[in-house]
There are 2 protein chains.
Amino acid sequence: MDRQRTDKDDEATAQERPTLKTLAFMTGLGVTTVSRALKDAPEIGAETRRRVQLVAKQIGYRPNRAGVRLRTGKTNVISLVLNTEHELMSFVSDIIYGVTEVIADTPYHLIVTPYSRSQDPLDPVRYLVETGSADGVIISRTQPNDPRARYMLERGIPFATHGRTDMGLVHPYHDFDNYAFAAEAVRHLAGMGRRRLALVTPPVGLSYYRHTVDGFADALSEVGASEVPFNTVSIDHSIEQIRMRTAQLMRRDIRPDGIISSAAAATLAIVAGIEDAGLKLGRDVDVVSKQSSELLHLFRHELLVVNEDFRLAGSELARSVLGWIGGAAPGSLQSLSEPKGVVAYRRSD
Amino acid sequence: MDRQRTDKDDEATAQERPTLKTLAFMTGLGVTTVSRALKDAPEIGAETRRRVQLVAKQIGYRPNRAGVRLRTGKTNVISLVLNTEHELMSFVSDIIYGVTEVIADTPYHLIVTPYSRSQDPLDPVRYLVETGSADGVIISRTQPNDPRARYMLERGIPFATHGRTDMGLVHPYHDFDNYAFAAEAVRHLAGMGRRRLALVTPPVGLSYYRHTVDGFADALSEVGASEVPFNTVSIDHSIEQIRMRTAQLMRRDIRPDGIISSAAAATLAIVAGIEDAGLKLGRDVDVVSKQSSELLHLFRHELLVVNEDFRLAGSELARSVLGWIGGAAPGSLQSLSEPKGVVAYRRSD
DNA sequence: GCAATATACTGAAACGTTACAGCTTGTCAC
DNA sequence: GTGACAAGCTGTAACGTTTCAGTATATTGC
């Protein structure tokens, strides 16, 4: 049972993992022929091709990744580059699941390449490109003028960004329409009679900060509501910070009667802050929040939510990168996900 | 600027990525010498060694992973095997961050290998082992008698489990002491005067189900409290299921006055169920819950929590696998994380 | 019947690395 | 001066794959 490494049993009969040589021996062909037969090259006879593929399937042949990679440079790896401090939790796992869903029946592996707050976000990307560690890269926390996208475009390595850029350069992306989110949120609140709205923004500097702020501003003037400035926090701030600042804000004379939050975790803090100030959600103020899992309505049923599907984002991003690797035009690999509208969970009781 | 691939400039002067050959040319040594010098082999002269390493550092030499892997079989890859349906969200990202933290300054890459509910959990592990895709594996959702652990032990591939097994086999693991968690939770509730306790368990079949149930039972008899059976749900059930069953339970004549929950997401549903039944948290019933991020106290400040650090788990698991790969005894790579006690966020207002 | 061409296959080389089995040179004992 | 030995270095082969430049055989045109 405990088979020793008998060095001389390599007569292509070995129990070890089958290689092209094994297949060549079994079929009586040369390794070159086997290699080509497996990839449906035209100059191989139809019968030979079928025979080789049959045997390969039977013995469970799997090309050796290191061999392929060494020879061709193809890694069959997609890298997801993540900030290990900022990324909100559910976000990450959903994206990962979305990506793995798509690459599941491809030869691709997913590697997670982290970088921390202190590092230049370009570092991990540079590392990947310089060491040729991946055929494609997915980045998030995209900025309007994103050095990482520019860098990869220069080097010609396929990538997709979670979020759009604004550099006049074309590349694959997937984005949630945060302009529409903010605008719809404003309209919904206005429809409920709310007139003084505050916005808890995405991190300043990221692309979707602008989209969100613009959607907010445009819809405000459209419905004739006014903004209560709340620039002291963004969703990147700590729970405690957001809670405290919200409480401060809500204690002021001119306080908002509607708040829009770009992230579920921030919303928890916002509501806590509201209640710290002695106000009641749904009566004194309404809150519309984005969420990626259906949990906020359990938190306070008065909350209004807009759902963002990060698993979908992961899938789309993976599809885009694979598409680019496969030769599709980068410009054809862009997608925007529209919000499905504001959902109220207010119960009948 | 846009340098073409001039095929014949490979005179070790090329702009391409430096290899051992490049270093050999630059130092005037043979590739063998360079290779050994870089790994501090004893038969290389001290000065030569320093010289080679200096040049290598200067030109930013990085060993080609494919070359190493092909030659030695060493992949420099750790695989994290994840269930894409059950794993709770924050859980996953924290573990990943923990792992990446540890492997950050090693040559290791982290690949995420998913499997879905429908698959045999052994599938991904078998794939990894058969294709030699990783030097080490981390698995979660560990069972007392875990076929995956058994399999990897047989094949001699280093791994670590998140959660202990109970097969009489020794292997690295990291686990949270769920026995202690449940026991402390019971004692805390008893200390508050709660007498009829219910437990929302981990998924039946996983190792920590037993630990949790045992800790619960032992502490119950220790403090002389009684159990209100609540076996119809576990934390793997849907939010809706848990909410509904909890409401049913709380409407019964003999309802619990204390509930212990093994996961934060389940706790949201439990509280919703309690309130559906018209009862009040903190008055009619108290709830102790595990959580992995500090959010539950924002949800209801009456909640009692025990914190579980998944980032730590990730780090410990990574350390264990690397340790085993590095030759340490598997038995010396086991760790158990103790709960820090039940924390109340009840505010003074 | 012979050259030209197409078809089906093949060996050798290369990707970058490490392991094995050498090869020089110098030192030392006697 | 010779043999033994150590120190320090080197060439070759191999890992599994693909590509390049063939080769052998059959088919076609005339």
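So that the names make sense, note that chain A is the first sequence line, chain B the second, and so on, each numbered from 1.
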Q. Between B:R62 and B:R17, is there a donor-acceptor pair closer than 3.5 Å when you use the side chain of the first and the backbone of the second?
A. no
(Q) Rounded to whole Å, how long is the line connecting atom CG of A:N76 with atom C1' of D:dT17? (A) 12 Å
Q) Which part of the nucleic acid does A:T19 contact within heavy-atom distance under 4.0 Å: base, sugar-phosphate only, or nothing? A) sugar-phosphate
Q) C:dT17, D:dT18, C:dC9: which one has an atom nearest the side-chain heavy atoms of A:E43? A) C:dC9
Q: Let me know the distance between CG of B:N64 and P of D:dG16, rounded to the nearest Å.
A: 16 Å
Q. Is the side chain of A:S320 donor-acceptor paired with the backbone N or O of A:L333 at a distance under 3.5 Å, no angle test?
A. yes
Q: Could you tell me the separation between the CZ atom of B:R69 and the C1' atom of D:dA14, rounded to a whole number of Å?
A: 18 Å
Q: Between B:A66 and A:I44, name the one whose nearest nucleotide on DNA chain C is closer to the 5' end.
A: A:I44
Q: Would you indicate what B:T72 reaches in the nucleic acid, counting non-hydrogen atoms under 4.0 angstrom: base, sugar-phosphate, or nothing?
A: sugar-phosphate
Q) Between the side chain of A:E85 and the main-chain N/O of A:R117, is any donor-acceptor distance below 3.5 Å? A) yes
Q) C:dG16, C:dT18, C:dC9: which one has an atom nearest the side-chain heavy atoms of A:L70? A) C:dG16
Q) Nearest to the side chain of B:R36, which nucleotide is it out of C:dA13, C:dA21, C:dC9? A) C:dA21
Q.
If you only use heavy atoms from C-beta on, which nucleotide in C:dC15, C:dT18, C:dC9 is closest to the side chain of A:T48?
A. C:dC9
(Q) Closest-nucleotide mapping onto DNA chain D: is B:P42 or A:L20 further toward the 5' terminus? I mean the 5' end. (A) B:P42
(Q) Just the rounded figure in Å: distance from C1' of C:dA19 to CG of B:L38. (A) 16 Å
Q: List in chain and number order the residues that pass salt bridge (charged side-chain N to carboxylate O under 4.0 Å, His left out) with B:E47, two or more places apart in sequence or in another chain; answer none if no residue qualifies.
A: none
Q.
Measure CZ/A:R17 against C1'/D:dC15 and give the value in whole Å, please.
A. 12 Å
Q.
Without decimals, in angstroms, what is the distance between B:F25 CZ and C:dG16 P?
A. 16 Å
Q) If you check the B:R71 side chain, which of D:dT10, C:dT17, D:dT17 turns out closest? A) C:dT17
Q) So what does A:G67 touch, heavy atoms closer than 4.0 Å: a base, only the sugar-phosphate, or nothing? A) base
Q.
Working note: A:V81 + A:L128, criterion side chain to side chain contact (heavy atoms under 4.5 Å, CB included); need CA distance, chi angles, decisive distance, verdict.
A. CA-CA 10 Å; A:V81 178; A:L128 289 171; 3.8 Å; yes
Q: Could you state the atom-to-atom distance from CG of A:D40 to C1' of C:dC9 in whole Å?
A: 17 Å
Q) For the helix from C:dG1-D:dC30 to C:dC30-D:dG1, what is the angle between the axes at its two ends, each from 5 pairs, rounded to 10°? A) 50°
Q | Distance test, side-chain N/O of A:T33 to OP1/OP2 of C:dT10, below 4.0 Å | A | yes
Q: Check whether any side-chain N or O of A:T84 sits under 3.5 Å from a backbone N or O of A:Y115 as a donor-acceptor pair, and report yes or no.
A: yes
Q.
Could you tell me how far apart B:K21 (NZ) and C:dA14 (P) are, to the nearest whole angstrom?
A. 8 Å
Q) Does D:dT18 have OP1 or OP2 sitting under 4.0 Å from an N or O in the side chain of A:K39? A) yes
Q: Identify which nucleotide among D:dT17, C:dA19, C:dT10 has an atom closest to any side-chain atom of A:P63, counting heavy atoms from C-beta outward.
A: D:dT17
Q.
Using only atom types and a distance under 3.5 Å, with no angle test, would you say the side chain of B:D135 pairs donor to acceptor with the backbone of B:N76?
A. yes
Q: State whether the distance check finds a donor on one side and an acceptor on the other, under 3.5 Å, for side chain B:T32 versus base C:dA19.
A: yes
Q. How is B:R65 classified with respect to the nucleic acid when contacts are heavy atoms under 4.0 Å: base, sugar-phosphate, or nothing?
A. nothing
(Q) For B:H162, give me all partners under ring pair (Phe, Tyr, Trp, His ring centres under 6.0 Å), at least two apart in sequence or on another chain. (A) B:F91, B:F310
